[in-house]
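Working notes, structure below.
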There are 2 protein chains.
Amino acid sequence: MAKQQFADRTYHHGALHDTLIQSAWEMIDLHGVESFTIVDAAQQAGVSKAAPYRHFRDRDALIDAVVDSGFEKLGAMVQEAVQSYETGSREKIITGGLTYIRFFHQHPAFFDLMFRGASDEDTSTDHSTRPQCLQMHIDAVSAWCYRAGVPEDMVVDTAIKMWATVHGIVSLSLNSTLRRACVETDIEELLRSFSDTFLDGIEASCQLLE
Amino acid sequence: MAKQQFADRTYHHGALHDTLIQSAWEMIDLHGVESFTIVDAAQQAGVSKAAPYRHFRDRDALIDAVVDSGFEKLGAMVQEAVQSYETGSREKIITGGLTYIRFFHQHPAFFDLMFRGASDEDTSTDHSTRPQCLQMHIDAVSAWCYRAGVPEDMVVDTAIKMWATVHGIVSLSLNSTLRRACVETDIEELLRSFSDTFLDGIEASCQLLE
DNA sequence: CTCCAATGTTAACATTGTTAACATGATATT
DNA sequence: AATATCATGTTAACAATGTTAACATTGGAG
């Protein structure tokens, strides 16, 4: 459906690369990676099933590109949500986390995909969007740490712990088996209280140092 | 290699169901799920490629059974590691978490697999090993909470948060992109300090209530 | 001992990923 | 403007896999 603007055009598609990534995103978003095929993607774009191979080495490479676009979307969404909050505020960190949660609740199929362990050591493509997302988070935590008097050498540690928390919560809430165990738990409230307990703990331990 | 005890036996294999699960475990453990095929599994068991369909509806059903066996292994390993610790102790919880981390560092391919979100609502098979793993953890946290004077209605909440923490840490340490950000971080030490900060926070907030 | 249900085999088939050989046309160069 | 070139698309093949149907074997219940 749709995408007819290119379907009956000329011999050359003109924007196949981007169209494939976008189509693939939508298809995976709706039905998961397992059922995603190059054939379907090509058909939806109105080209032959061999055409995608002019733009992507193989199926995995296309999926990899879709994952990159996912990190872009995630980064943009977090940035958007976070910008109005004061630099160094606790709310800025928590809002980032909440947005992270909401993003993957909207696109659950991509959670597994974007953080699967077996990411090839693919040096050919860029992938810079991935560390960027983490860096945004580290910056926010870093600013808060500075304000709260947390020593320099604990910043990355603190950021990692906060990220692990948010990530673990998402994973929990997306897993069908484990979800049953906490069906009545408000996920967003869970993150808030968790963050507060944790950040309180950091602050307390740092005040002892002074 | 191996499995010849059944290979040249009779027309009927005799233990194909379990053999397939075990072979599949090993193959996935070594090379990941994507490259796992029914054909290979059948060949390794010394049967035709159609034989597995007498025991499993399709490829996914076999993988699902392997995942169940994984939860069994995980549960056994945690139980083993934890049993010598005192009921209700903080160390018992942390040791459980450390074992969880070690298990998935030994079997990284199964982390994605065992916690993938799109687990079908398959009511046909058992799957009771999955909640069992979580229940063990909840019990340990529950015992600690009782000792620490944490009110009843905070127990599940606390257990979920601890689980999310451990799970997030594993996910972080297995992901190739994110691993780089914390390459010099000692994962096990990270869990210890995180747990201490968090559990201290819980204890402190509960003492205020008294 | 006989029969049947469980389990295994062989032989097909559609789908998919992938490549090779060929076609087209947008664009730079003369 | 004419043309050469290279990126991009097409068609036609292929092997591998998942899956099913039709048939074979056998262990065990009656």
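In what follows, every chain begins at residue 1, and chains take the letters A, B, ... in the order their sequences are listed.
Residue B/S48 is classed as a base contact, given a heavy-atom separation below 4.0 Å to a base.
Protein atom OH of B/Y53 is 18 Å distant from nucleotide atom P of C/dA12, rounded to whole Å. Distance, B/Q43 CD to D/dA16 C1': 13 Å, rounded to whole Å. To the nearest angstrom, C1' of D/dT19 lies 9 Å from CD1 of B/I38. If you measure from atom CZ of A/R54 to atom P of D/dG9, you get 9 Å, rounded to the nearest angstrom. Protein atom CZ of B/F56 is 11 Å distant from nucleotide atom P of C/dT7, rounded to whole Å. Residue A/D60 contributes atom CG, which lies 10 Å from atom P of C/dG17 at whole-angstrom precision. When rounded to the nearest whole Å, the span between CG of B/D58 and P of D/dT20 equals 8 Å. For the pair A/R57 CZ and C/dG17 P, the computed distance is 15 Å after rounding to whole Å.
Ion pair B/R192/B/D196 not flagged as a salt bridge, since none of the NZ, NE, NH1 or NH2 atoms sits closer than 4.0 Å to an Asp/Glu carboxylate oxygen. Between A/E72 and A/R130 there is no salt bridge, since no side-chain N of the basic residue sits under 4.0 Å from a carboxylate O of the acidic one. Salt bridge absent: B/E34 and A/R59 never bring a charged side-chain N and a carboxylate O closer than 4.0 Å.
Closest approach to the A/T37 side chain among C/dG17, C/dG8, D/dG18 is made by C/dG17 (side chain taken as heavy atoms from C-beta onward). Distances were taken from every side-chain heavy atom of A/A51 (C-beta onward) to each of C/dT9, D/dG9, D/dT17; the shortest belongs to D/dG9.
B/H17 has no side-chain polar atom (N or O) that falls below the 4.0 Å cut-off from OP1 or OP2 of C/dT7.
Between A/A50 and B/V39, it is A/A50 whose nearest contact on DNA chain D lies nearer the 5' terminus.
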- Please test B/F194 against A/F198 for ring-ring contact (aromatic ring centres under 6.0 Å, His included), starting from the C-alpha separation and ending with a verdict. CA-CA 9 Å; B/F194 199 159; A/F198 177 66; 4.9 Å; yes
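The ring pair (Phe, Tyr, Trp, His ring centres under 6.0 Å) pairs that include a residue from residues 26-49 of chain B number zero, where partners must be two or more places apart or lie in different chains.
With hydrogens and angles left out, the side chain of A/R59 and the base of C/dG17 share no donor-acceptor pair within 3.5 Å.
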